[in-house]
Amino acid sequence: MNTNWTSKKPINGLSHFVLLNEIKDKEKITLLLVSVLDDEISLEIPKGELMNKKNWSAGWLDCPKSKSITKAYFKYKDSKKNKEAIKKIFI
């Protein structure tokens, strides 16, 4: 199975992912993927979802930066920073 994948719909603003692990639980197979650009963005999906050509392409597609890193990524990172900042407040 190919280890490099491109999501046709950006996930948290990113499109390029690497397959890290295949988890078999009885008849169900789940795949663990992580973003190539940000290891904090990972996902578990059913194997059948990754084979859906409407949503995923095998390999890393060459696309402009504006499509491989969208504004949604920066919003996601900002929201993570704000949550971490709140955790650091001491009274």
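Hydrogens, waters and symmetry mates are skipped; everything else that's a heavy atom, side chains included, is used.
Between A72 and G13, the shortest heavy-atom contact is CB-CA, 3.9 Å.
Follow the hydrophobic side-chain contacts under 4.5 Å out from F74 and you reach I41 in the same cluster. Under a hydrophobic clustering in which Ile, Leu, Val, Met, Phe, Trp and Tyr are joined whenever their side-chain heavy atoms come within less than 4.5 Å, directly or via other members, M51 and L19 fall into the same cluster.
With hydrogens and angles disregarded, no donor-acceptor distance shorter than 3.5 Å links the side chain of K28 to the backbone of P46. In this structure, T6 contributes its side chain and G59 its backbone to a donor-acceptor pair below 3.5 Å.
Between the NZ atom in K9 and the NZ atom in K54 there is a gap of 9.0 Å [rounded to 0.5 Å]. Remark: L20 CG to L31 CG distance equals 10.5 Å, nearest 0.5 Å.
Two residues are said to be in side-chain contact when any heavy atoms from C-beta on lie closer than 4.5 Å; L37 and H16 fail this criterion. Residues N4 and N2 have side chains in contact (heavy-atom distance under 4.5 Å, counting atoms from C-beta outward). For the pair T30/D25, no side-chain contact is recorded, criterion being any heavy-atom separation below 4.5 Å from C-beta on. Taking the side chain as every heavy atom from C-beta outward, S7 and F17 approach each other to under 4.5 Å. With contacts defined as side-chain heavy-atom distances shorter than 4.5 Å, the pair K8/N55 does not qualify. Under the 4.5 Å side-chain criterion, counting only non-hydrogen atoms from C-beta, I69 is in contact with L14. The closest side-chain heavy-atom distance from I29 to E22 is below 4.5 Å.
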Check: Taking it one step at a time, do L33 and I11 satisfy side-chain contact (heavy atoms from CB on, under 4.5 Å)?
Finding: CA-CA 11 Å; L33 292 105; I11 299 168; over 6 Å; no
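Residue N21 qualifies as enclosed at atom CG: its count of foreign heavy atoms under 6.0 Å is above 12.
If you check the side chains of Y76 and D38, you find no donor sitting under 3.5 Å from an acceptor.
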